[in-house]
Number of protein chains: 2
Amino acid sequence: MPVGRPRAFDLEQALERALVVFWRRGYEGASLPDLTKAMGINRPSLYAAFGNKEALFRKVIERYAAGHASYIRKALKAPTARQVVERLFRGAVELLTGPHNPPGCLLVHGALACNEETDSVRRELVAQRAAGESAVRERFQRAKAEGDLSADSSPADLARFVATIIQGMAVQAAGGASRKELRRVAKLALQVDLLTDR
Amino acid sequence: MPVGRPRAFDLEQALERALVVFWRRGYEGASLPDLTKAMGINRPSLYAAFGNKEALFRKVIERYAAGHASYIRKALKAPTARQVVERLFRGAVELLTGPHNPPGCLLVHGALACNEETDSVRRELVAQRAAGESAVRERFQRAKAEGDLSADSSPADLARFVATIIQGMAVQAAGGASRKELRRVAKLALQVDLLTDR
DNA sequence: CCCATAGTGTACCATTTGGTATAAAAAGGA
DNA sequence: TCCTTTTTATACCAAATGGTACACTATGGG
């Protein structure tokens, strides 16, 4: 029972379309005309619904983390560290080379070019990536406590290694690497001693 | 014996300063005022000496490949594949976290945000990264022929793996990872079976 | 039926973007 | 000395940027 003229577009759908534009073009590369055209709305509607460009981008990041990148949360539920990593790699490869997505990772490509004003956006993306890495690290710490990872292993180092692989794959995907190629990268990365079942 | 008013700035120095700006800000993030201020020259001087922004950027890439990223060429001269990779990682870590450089890699951060017009710049960077990967792949092919790498190994996969690690480290470095942390990533990556001396 | 409320569309704003026209200035050659 | 050549500095350009004022329109409540 809201009063006033009803919104003529779907919020979720518009957000998803904005997400795709940011994913493809990055924060600064996505212009207002790019966004409004893809979202099918005009500028004042965008500002009324989402605040401004930066606020829209933050909502997009939230959506990305909760949706497209949810493979991370799911992967952490696997019973062993080895399986966690296997699922992380598989999920990453699928996301990064998804035929219906722009190639690459929104969090990696979102903000590379940046002037000092958009620096807060860059920091937000760095924090977002760090959050993912932290979740993996904590999962490895648990694995270590459970004896699933050897006592002399470093959960922090392993988590950073996994994050590095995935971010590297994001760069590779953005450069045109195929799903098959990235799967082979993942296979090699899984040979790292501390992650193998022995 | 050049005729005409002599140039009041040093070409190499100006190019190096432009390189640093592009390195820090990316292609689109580096504005003409950013560049001219850092280079200590004014706009018409820049255009007379380098053509335009894109031409300047291409010269910068050339300089980067020949100078800052020359560790790649040097590393390929190592006697074994294992040592090649060790030197590649060491060189990458030093470059990516050099205290006098912007953190990260110019070729990775150069063009992430991009509209369709600057797409040629993005492709150039992708090609440049691919060239590095190809050089490593060819070195691994030689290693395989020499029996230094096992007969069932894939030089292409290994080269892509190494490139992925380095590009991932570039993202990590841009996000604030320390030299020490990246060295540990490299150490883990070196555990990959096909690269170990057996 | 009218009014308050909220969304839409157009047209605008100042600022910044990459790029240039133009004139003054500094050098060598005749 | 004067003339050609090249660089410098200022001032400008059209286009694009993120953001908004304002009039209009559609809804529900009284």
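Every chain is numbered from 1 and lettered A, B, ... according to where its sequence line falls, protein lines coming before strand lines.
Residue contacts for A48(B): at a heavy-atom cut-off of 4.0 Å it reaches no nucleic acid atom on any strand shown. P6(A) comes within contact range of the sugar-phosphate backbone alone, with a heavy-atom separation under 4.0 Å but no base atom that close.
Following rounding to the nearest Å, Y47(B) (OH) and dA9(D) (C1') show an atom-to-atom distance of 16 Å. As a whole-Å value, the separation of D34(B) CG from dT16(C) C1' is 11 Å. Per the geometry, CE belonging to M39(B) stands 15 Å off C1' belonging to dT8(D), to the nearest Å. Atom-to-atom, CG of L46(A) to P of dG7(C) comes out at 13 Å; the value is rounded to the nearest Å. For the pair E28(B) CD and dT16(C) P, the computed distance is 18 Å after rounding to whole Å. Rounded to an integer number of Å, the gap from CZ of R7(B) to C1' of dA25(C) is 16 Å. Note: CG (L56(B)) to P (dG19(C)) measures 10 Å, nearest angstrom. Distance, L35(A) CG to dG18(D) P: 8 Å, rounded to whole Å.
Checked by atom type, the side-chain pair E181(B)/T97(B) shows no donor-acceptor distance below 3.5 Å. Q128(A) and E62(A) share no side-chain donor-acceptor pair at under 3.5 Å.
The CG atom of D152(B) sits 7.5 Å away from atom NZ of K144(B), with the distance rounded to the nearest 0.5 Å.
With hydrogens and angles left out, the side chain of R43(A) and the base of dG19(D) share a donor-acceptor pair within 3.5 Å. Counting atom types as modelled, R5(A) pairs no side-chain N or O with a base atom of dT27(D) as donor and acceptor under 3.5 Å.
Taking side-chain N and O atoms only, N42(B) has a distance below 4.0 Å to OP1 or OP2 of dA9(D). The side chain of S45(A) places an N or O atom within less than 4.0 Å of a non-bridging phosphate oxygen (OP1 or OP2) of dT8(C).
In the set dG19(D), dT8(C), dG28(D), the nucleotide with an atom closest to the side chain of F9(A) is dT8(C). Of the candidates dT8(C), dT7(D), dA6(C), dT8(C) carries the atom nearest the A8(A) side chain, counting heavy atoms from C-beta on. Candidate nucleotides dT17(D), dG28(C), dT5(C) were compared by shortest atom distance to the side chain of V3(B), and dG28(C) ranks first.
Mapped onto DNA chain D by nearest heavy atom, I41(B) and G4(B) fall at different nucleotides, with G4(B) at the one closer to the 5' end. Each of P44(B) and K53(B) was assigned the nucleotide of DNA chain C with the nearest heavy atom; the assignment lying further toward the 5' end belongs to K53(B).
Between F9(B) and F50(B), the ring planes are tilted. Angles from 30° to 60° get that label.
Nearest heavy-atom pair, Q167(A) versus G168(B), reported as atom, atom and distance to 0.1 Å: OE1-O, 3.9 Å.
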